[in-house]
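To keep things clear, I will list the structure first and then write my remarks on it.
Note that the structure is predicted; figures quoted are calculated from it, not measured. As a basis for the values below, the full set of heavy atoms in this structure was taken, side chains included, without hydrogen atoms, waters or symmetry mates.
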2 protein chains.
Amino acid sequence: MSDRQRDKITIAEVAKRAGVSTATAGRVLGDYGYSRQEIKDKVRKAAEELGYRPNLLARSLITGKTKTIGVVAGDIQSPFYASVMRGVSDVTRAAGFGILLTNSDERLDRELEAVQLLREKQVDGLIIAPSDLTGSAHLHATVRDGCPVVLIDRLVRDLAVDGVCVDNHAASRDCIARLVAAGHRRIGLVAELEGWEGGDVEDFLRAVETGSLDSATLFPSWQRLYGYVEALKEARLPVDPALIGRVGTYSAEAAGKETRRLLHMADRPTALFPADGLMAAAAMEAITALHLQIPEDLSLICFDDLDWMSFIRPGIAAVVQPLTDMGEAAARLMLARIAGEDGPPQRLALKPKFAERGSIARPRAVEIPPS
Amino acid sequence: MSDRQRDKITIAEVAKRAGVSTATAGRVLGDYGYSRQEIKDKVRKAAEELGYRPNLLARSLITGKTKTIGVVAGDIQSPFYASVMRGVSDVTRAAGFGILLTNSDERLDRELEAVQLLREKQVDGLIIAPSDLTGSAHLHATVRDGCPVVLIDRLVRDLAVDGVCVDNHAASRDCIARLVAAGHRRIGLVAELEGWEGGDVEDFLRAVETGSLDSATLFPSWQRLYGYVEALKEARLPVDPALIGRVGTYSAEAAGKETRRLLHMADRPTALFPADGLMAAAAMEAITALHLQIPEDLSLICFDDLDWMSFIRPGIAAVVQPLTDMGEAAARLMLARIAGEDGPPQRLALKPKFAERGSIARPRAVEIPPS
DNA sequence: AATCAGTGTGCGAACGTTCTCACATTATAG
DNA sequence: CTATAATGTGAGAACGTTCGCACACTGATT
């Protein structure tokens, strides 16, 4: 066992050695209130000699600020969250804040647990990718208790807090428009599209038709479907529900299966649009397994730019989400709120870049025009 | 500004409502010491009604335990650390611990800052991928103060603490042996190989010759070079220093440049062994840019298995590091130490798997120069 | 000479828990 | 019936800081 907790040096001991009160020593070391230069030097010297290190726990207990931000990510192992975290981390570190990290696995129960832990640890703020856009009583409670919340990647409709997203809707519409411009008429979509409160895909298409949807508070994959539908409508092309590959779960296996379904259709799509990185990898695997040539047999644009897309031949065109930017922006919003910034909730929609590569070509099976 | 810090419910208020002392309420809610069932119910009811949530800061201040583990990763954005973190996170979460995450960017100054912050925040332990295997006074100090440390990915020689690594040496030797078995005689290595305390590559080769090296306390890329050299020696093949691509820095650009150097050699290697994921991606990019066919023109084995290696054609053979396992193991060692486990430092060397794929072939009979 | 603002210091009370002790009460054994 | 142990409770002191207040000293302005 030995001596576990070595004799920690406290302010009191430093004060004693410097011959001042603990209050004075505290003022010098904590850098608040008044103190003479002479005293400052004396105290600092004593602290140095004793190897004093402040106990931030005690400070936090009294100030009510921990200089720690809680983050609830979906899965830190995914490139998406890893990059976002990097952004968050860079900005917060520069401001002297620490980061308490948790994973929700996009499950509400995990998220609840995580939020509770973080709040009990008295984080100064919460950056979260909410796993459920409706059941968010815990987030409302957090806000009500005066703990700033910043949403990432998706917004909770009735939660009036800052949020940072990517403009999925526009980016997706743009991708489809490019495929359409290249002559494609049958474009397959492979997307997660997990449960939507409004019902199934057919319901969603109807809702898009009536324009009754608030695109901003949908899950990203639904936003991307929204953009897909809009682009087709703009081009006056029909939306064939059979071309909408709803994977239903965030799994590479399921995505591969759905991709194969699309590619085995009698009237198969001439272009494919996997709506995120995982779907892209799964789709790519299915495509190579079927020995389809890109772009001759199939054009491809992916949402999310993974490293391999730039160095396989041909390169795969992709939407490049500004992930670290997103983390940085979220962190900055958070720091501003912690600093006491007041005002209406800010919702940032970052504009992704587009990486043009050789995966788009005119469809081979050219429709023969009526003569 | 409004009411920032909403009226938090404390144990005292719960106690008052339940009609008991704070000590008793504390015992019930903190689940320590004795208390009657009847009292327990009463206190819990009062706590429930008031919406009491414990303040872990206060608890930690007095118990001296924060149930938080500090992690110093190199760069959370890299798949390596992201996966390791996932493992750490899973194990610690199950034990009710939080994770305070920092990035060092493999820079000692950042690491020092990070360790200081974490320690001031009174973490119960430190899991760290040390960025410098010699200048580690801060780690020695941490250990001396009774704060458990677990090393990840590389070991500090004179620091007697637990550590979890991958058996780079054996894995690398195995890869080279496979290439040799396939008939390769000139095998190129592309590795980071940043500063080594003993000097340059020539010095290293001499040191290997004399057997004066402790492979376990080298940086991974040097360990992999060690394995490379050993495998060649075992096969009685010469070690040509020109085939050792020392990138010198952890950069894709530099790795690409080094790869190109190797591939443009008059007597160029017939097989390539990029010694980690970043090097692999950079090498792959260079290879495709030169329109070399794998495995006809060049055989390839990579250290680190990236997702694209399995679905491009041909697949790329790779060493699969057990990354989350590594994180999990580190976390478990840490929890054991925190629980008071005594005993000599444990150093785990995890065995990587090998993913056999179609990137290895016999070298083409003769290199025919263009005429 | 009196007033004031600015500067500098120490005492003791916070912060919200747990811990140590003293002291009841009850159960078990001799 | 006593001795011993186990169980249960509360008062008050920790933990290591910061904060409010009282007071003291300076110098400039009335």
*asked:* Testing B:Arg110, B:Glu106, B:Glu111 one by one against B:Ser131 for a side-chain hydrogen bond (donor to acceptor under 3.5 Å, both in side chains), which residue passes?
replied: B:Glu111

*Closest to the B:Ala23 side chain: D:dG12, C:dG10, D:dC19?*
D:dG12

*Could you state the atom-to-atom distance from NZ of A:Lys67 to C1' of D:dT18 in whole Å?*
15 Å

*asked:* Categorize A:Ile39 for me: base, sugar-phosphate, or nothing, with a 4.0 angstrom heavy-atom threshold over every strand shown.
replied: sugar-phosphate

*Between the side chains of B:Lys121 and A:Thr68, is a donor N or O closer than 3.5 angstrom to an acceptor N or O?*
yes

*Shortest side-chain distance from A:Arg36, nucleotide among C:dT9, D:dT9, C:dT17*: C:dT9

*For B:Glu120 and A:Arg59, what are the C-alpha separation, side-chain angles and deciding distance, and is it a salt bridge (charged side-chain N to carboxylate O under 4.0 Å, His left out)?*
CA-CA 10 Å; B:Glu120 291 184 355; A:Arg59 174 178 298 171; over 6 Å; no

_Whole angstroms only, please: what is the CG-C1' distance between A:Leu57 and D:dT18?_
14 Å

*Nucleotide nearest B:Leu61 when distance is taken to its side chain, options D:dG10, C:dG16, C:dA14*: C:dG16

*Expressed in angstrom and rounded to an integer, what is the separation of A:Tyr32 atom OH from D:dG20 atom P?*
11 Å

_How many whole angstroms separate atom NZ of B:Lys42 from atom P of D:dG10?_
9 Å

_Nearest listed nucleotide, side chain of B:Arg59, among C:dC19, C:dT17, D:dT18_ = C:dT17

_My understanding is that only one of B:Asp342, B:Asp124, B:Asp162 makes a side-chain hydrogen bond (donor to acceptor under 3.5 Å, both in side chains) with B:Arg337; could you say which?_
B:Asp162

*Expressed in angstrom and rounded to an integer, what is the separation of B:Lys65 atom NZ from D:dC15 atom P?*
16 Å

*Candidate nucleotides C:dT9, D:dT7, D:dA14, ranked by approach to the side chain of A:Tyr34 - the nearest*: C:dT9

*For B:Ile9 and C:dG16, give me the distance from atom CD1 to atom P, rounded to whole Å.*
11 Å

*For a side chain to side chain contact (heavy atoms under 4.5 Å, CB included) with A:Ile69, tell me which candidate from A:Leu100, A:Ile338, A:Val150 qualifies.*
A:Ile338

*Side chain of B:Arg27, base of D:dG10: donor and acceptor closer than 3.5 Å?*
yes

*Look at the side-chain N and O atoms of A:Thr24 and state whether any lies under 4.0 Å from the OP1 or OP2 oxygen of C:dG10.*
yes

*Side chain of B:Thr10 - closest among C:dT17, D:dT9, D:dT18*: C:dT17

*Closer to the 5' end of DNA chain D via nearest nucleotide, is it A:Leu29 or B:Ile62?*
B:Ile62

*Starting at CD1 of A:Ile11 and ending at C1' of D:dC19, how long is that distance when rounded to a whole Å?*
12 Å

*Side chains of B:Gln122 and B:Thr66, donor plus acceptor under 3.5 Å*: no

*When all nucleic acid strands are considered with a 4.0 Å heavy-atom cut-off, which category describes A:Leu56: base, sugar-phosphate, or nothing?*
nothing

_I want to check one thing: is the phosphate of D:dA11, taken as OP1 and OP2, less than 4.0 Å away from some side-chain N or O of B:Ser21?_
no

*Closest nucleotide of DNA chain C for A:Ala58 versus for B:Thr22: which of these residues is on the 5' side?*
A:Ala58

*Please determine, for the side chain of B:Ser35, which listed nucleotide (D:dG16, D:dT9, D:dT18) has the closest atom?*
D:dT9

_Separation of C:dG16 P from B:Glu13 CD (nearest whole Å)_ = 8 Å

_Nearest-nucleotide pick for B:Val20, side chain only, options being D:dT9, D:dG10, D:dA14_ = D:dG10

